[in-house]
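Before any comments, here is the structure.
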Amino acid sequence: MVVDPLIELRDVNKHFGQLHVLQDINLAVGRGEVVVVIGPSGSGKSTLCRAMNRLETIESGRITIDGQPLPEEGKALAKLRADVGMVFQSFNLFAHKTVMANVSLGPVKVRGLKKEEAERRSRELLDRVGLADQASKFPAQLSGGQQQRVAIARALAMDPKVMLFDEPTSALDPEMINEVLEVMQQLAAEGMTMVVVTHEMGFARSAANRVVFMADGRIIEDRSPDDFFTDPRTDRAKDFLSKIL
Ligand code: ADP
Ligand code: MG
């Protein structure tokens with residue numbers, strides 16, 4: 001059991017038409033915990049992540065972040081999205097803004113920082129993800145791995161309580177995967193609370209406190225990486241692991 005969870009989902013359900021995409025989901029993520037979510041394509045992993053910062057609504061159940069229910073709209077929702085940083089497979093940077101603007105605009109608009117302060121912090125963050133010298137470039141001038149590191153810096157610039165990663169390396173050429181995973185490893189080591197959907201089992205083994213395995217909209221295993229990888233309990237998990245390992 002997780003004491004004092006930062007994220008808590010209780011009996012969460014959602015349909016897309018006939019499809020029961022989230023079925024009685026119960027999940028708690030503690031402060032500083034790294035939870036890796038794995039499972040076959042279509043099992044509901046992205047929907048689960050998106051529900052946690054209200055990019056998707058739910059039909060029943062309850063989601064709280066730091067004890068607070070997810071707000072419906074307006075400023076409170078913008079603040080929630082800042083508290084729950086999200087990094088997508090497809091980077092989602094603003095194409096017509098510089099790297100510096102991509103990272104520094106959110107803190108000015110949502111957190112109310114002065115432009116100079118936001119840019120000073122953004123430079124620190126770009127330095128942390130190894131991109132100090134790329135601040136004046138546009139996204140299209142960067143490699144996929146660099147763009148994804150900008151996306152991570154942009155989410156971090158909001159000073160989030162938790163970071164969600166939805167297959168952050170799936171769109172990258174193989175040689176760029178590690179540079180992104182290393183940034184994530186470092187964040188995990190610094191104590192960031194993280195929920196990470198990934199097929200990178202090396203990352204799961206080394207960085208995760210827990211592995212959550214999803215199939216058909218349900219969480220069917222929620223265990224330590226050691227237990228899960230050496231002794232998966234369900235046939236679904238065994239089958240999945242035999243295909244990816
Ligand atoms: P995963 O990330 O595990 O691959 P998703 O959460 O993206 O799974 O999707 C779970 C299921 O819900 C899939 O069958 C997908 O086609 C369906 N789905 C996802 N988003 C929508 C949507 N906006 N409308 C209808 N069906 C959707
Ligand atoms: Mg997905």
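Indexing begins at 1, ligand by ligand and atom by atom, following the structure's order.
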Please indicate whether any nitrogen or oxygen in Gly42 is less than 3.5 Å from any nitrogen or oxygen in ligand 1.
yes
Consider every N or O of Glu56 and every N or O of ligand 1, then say whether any pair is closer than 3.5 Å.
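No, since none of the N or O atoms of Glu56 sits under 3.5 Å from an N or O of ligand 1.
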When clusters are formed by joining ILVMFWY residues with side-chain heavy atoms under 4.5 Å apart, either directly or through shared neighbours, do Phe229 and Phe240 land in the same one?
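In one cluster: yes.
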Do the side chains of [Y] and [X] get nearer than 4.5 Å, heavy atoms only?
X      : Y      : answer
Val35  : Val196 : no
Val180 : Leu172 : yes
Ile65  : Val84  : yes
Asp222 : Phe213 : no
Gln148 : Met176 : no
Val29  : Leu6   : no

Are Thr234 and Glu221 linked by a side-chain donor-acceptor pair shorter than 3.5 Å?
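A pair is found: one side chain offers a donor N or O, the other an acceptor, under 3.5 Å apart.
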Taking every non-hydrogen atom, the tightest pair across Pro225 and Ala208
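Distance-wise, the nearest heavy atoms are CG-O, 3.2 Å.
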May I ask you to list the protein N, O or S atoms found at less than 2.8 Å from the Mg ion (ligand 2)?
Ser46 OG
Check each atom of ligand 1 against the heavy atoms of [X] and keep those under 4.0 Å away; list them by number with element.
X     : result
Thr47 : 5 (P), 6 (O), 9 (O)
Pro40 : 3 (O)
Val21 : 10 (C), 11 (C), 12 (O)

Return a table of donor-acceptor pairs under 3.5 angstrom between the side chains of residues 123-131 and protein atoms on other chains or two or more places apart.
from   : atom 1 : to     : atom 2 : distance (Å)
Glu124 : OE2    : Arg120 : NH1    : 2.7
Arg128 : NH2    : Glu190 : OE1    : 2.8

Report all side-chain donor-acceptor pairs from residues 88-95 shorter than 3.5 Å, counting only partners two or more places apart or in another chain.
from  : atom 1 : to    : atom 2 : distance (Å)
Ser90 : OG     : Asn92 : OD1    : 2.7

Just heavy atoms, cut-off under 4.0 Å: does Leu19 contact ligand 1 by side chain, backbone, both, or neither?
side chain
Within 4.0 Å of atom 23 (N) of ligand 1 (strictly less), any protein heavy atom?
yes
Protein non-hydrogen atom below 4.0 angstrom of atom 15 (C) of ligand 1 present
no
Which residue supplies the protein heavy atom nearest to atom 27 (C) of ligand 1, what is that atom called, and how far is it?
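The closest heavy atom on the protein side is Phe16 CD1, 3.2 Å.
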Among all protein heavy atoms in this structure, tell me which lies nearest to atom 3 (O) of ligand 1, with the distance rounded to 0.1 Å.
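Here the closest protein heavy atom is Lys45 NZ, 2.7 Å.
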Judged on heavy-atom distance to atom 2 (O) of ligand 1, which of Gly217, Ser41, Ser46 sits nearest?
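Among Gly217, Ser41, Ser46, the closest heavy atom to atom 2 (O) of ligand 1 belongs to Ser46.
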Answer yes or no for Gly44: is there a heavy-atom contact with ligand 1 below 4.0 Å?
yes
Heavy-atom contact under 4.0 Å between Cys49 and ligand 1?
no
Listing request: all ring-ring contact (aromatic ring centres under 6.0 Å, His included) pairs with a residue in residues 30-65, at least two apart in sequence or in separate chains.
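Sorted result for residues 30-65: empty, none.
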